[in-house]
Amino acid sequence: MHALLLLGLLRTGRWQRTRCRTALSIEPAPAGFVEHDDLEPGERCVKALWATDDGVLLAAGALVSRGNDFDLWLGDSSDPSIGPNQALRGAIPLALKLLVTFLATFDSPATRLRAVPPPPPPRKRLADPLGGALSASSAALEAIGFCEGSDDDLLVLDDREAPARLTALALDGERDAVRALRLLGARRD
């Protein structure tokens, strides 16, 4: 009986997803992670986070404010041993946490959120595991509903695309996607 139950868990894949996700950790970045040299005059770092897997940095990000404008900075690990799929595994939950922070804290029609993904690292790839994205950070931002804005290097949250993409992530078990959907709904009302 117990063997059949275990076999059922293995076949569903739910156990595999849970087992594989246990080592991922999203934590506050250490003090000084976003230094004053990184910020322009009038900017302040609201929250800085990083995603690690057993102590190995996968992705890092920050929510930066400048008056009523906010930038979501997201970057991949510079470690060459970290593959794009590993970086993406950390970048999506990290971007979701920063999006939830923005939506929960700054609920005003005057506020605006943009995303600033870094340029991709110089790397030759035989296959394209990110589906055409230039970096794991860009793929993560696209996954939660950001699209190209008027500036070439900035992305904006697309009100038409974000709910569908966040719903897909919520169905995959991302709790922060559920929270972001709720907060987006609250902002619309």
Side-chain angles (χ1 to χ4, degrees), residues 26-29 32-51 57-78 84 87-122 130-170 174-189:
I26 308 285
E27 301 170 358
F33 178 71
V34 177
E35 297 179 0
H36 296 291
D37 297 344
D38 299 327
L39 301 172
E40 294 179 9
E43 288 184 334
R44 72 178 179 89
C45 179
V46 177
K47 189 171 202 173
L49 300 171
W50 62 9
L57 182 65
L58 301 178
L63 182 63
V64 176
S65 73
R66 183 178 46 258
N68 284 336
D69 292 338
F70 293 85
D71 289 341
L72 191 152
W73 295 353
L74 198 61
D76 301 342
S77 173
S78 60
L88 185 61
R89 184 172 161 257
I92 289 176
L94 181 66
L96 279 171
K97 284 209 179 293
L98 291 172
L99 176 62
V100 167
T101 299
F102 169 77
L103 292 173
T105 310
F106 307 103
D107 190 10
S108 164
T111 58
R112 193 169 55 129
L113 176 67
R114 303 176 306 172
V116 185
L130 300 176
L134 297 176
S135 67
S137 299
S138 297
L141 292 169
E142 185 178 320
I144 65 174
F146 281 87
C147 65
E148 289 185 21
S150 58
D151 296 335
D152 290 339
D153 62 342
L154 298 177
L155 302 170
V156 294
L157 193 63
D158 186 342
D159 289 337
R160 295 175 308 252
E161 290 290 325
R165 293 184 182 194
L166 289 169
T167 300
L169 288 171
E174 292 283 354
R175 282 180 269 147
D176 284 314
V178 175
R179 290 183 62 210
L181 277 169
R182 288 183 183 144
L183 290 167
L184 275 174
R187 286 173 64 93
R188 285 190 177 155
D189 294 339

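If you're wondering where the values come from, they're calculated on a predicted model, not measured in any experiment.
Residue-environment remark: CZ (Arg179) stays at or below the threshold of 12 foreign heavy atoms within 6.0 Å. Open room surrounds CD on Glu40; 12 or fewer heavy atoms of other groups in view lie less than 6.0 Å from it.
A 4.5 Å side-chain heavy-atom check between Val64 and Asp38 finds every atom pair outside the cut-off. Glu142 places none of its side-chain heavy atoms less than 4.5 Å from the side chain of Glu161.
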Side-chain donor-acceptor pairs of residues 96-104 under 3.5 Å, sequence neighbours excluded:
unit_1: Lys97; atom_1: NZ; unit_2: Asp176; atom_2: OD2; d: 2.9
unit_1: Thr101; atom_1: OG1; unit_2: Lys97; atom_2: O; d: 2.9

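Between Ile26 atom CD1 and Trp50 atom CH2 the span is 12.0 Å, to the nearest 0.5 Å. With rounding to the nearest 0.5 angstrom, the CG atom of Leu157 is 6.0 Å from the CG atom of Leu184. Within the model, atoms CG of Leu49 and CG of Leu94 stand 5.5 Å from one another, a figure rounded to the nearest 0.5 Å. To the nearest 0.5 Å, atom OG of residue Ser137 and atom CG of residue Leu72 are 10.0 Å apart. In this structure, CD1 on Ile92 lies 6.0 Å from CG on Leu169, to the nearest 0.5 angstrom.
Closest heavy-atom contact between Pro84 and Ala136: O-CB, 3.8 Å. Here the closest heavy-atom approach between residue Cys45 and residue Leu39 is recorded as N-CD1, 4.0 Å.
Arg182 is linked by a side chain to side chain contact (heavy atoms under 4.5 Å, CB included) to Val178, counting only residues two or more places apart in sequence or in another chain. Take Ala168 and apply the side chain to side chain contact (heavy atoms under 4.5 Å, CB included) test, not counting sequence neighbours, and it matches no residue. A search for side chain to side chain donor-acceptor pair (under 3.5 Å) contacts involving Glu35 returns nothing, not counting sequence neighbours. Among residues two or more places apart in sequence or in another chain, the salt bridge (charged side-chain N to carboxylate O under 4.0 Å, His left out) test is passed with Asp69 by Arg112.
Residue pairs satisfying the salt bridge (Lys or Arg N to Asp or Glu O under 4.0 Å) criterion with at least one member in residues 57-68, sequence neighbours excluded, are listed as follows: Glu43-Arg66, Arg66-Asp71.
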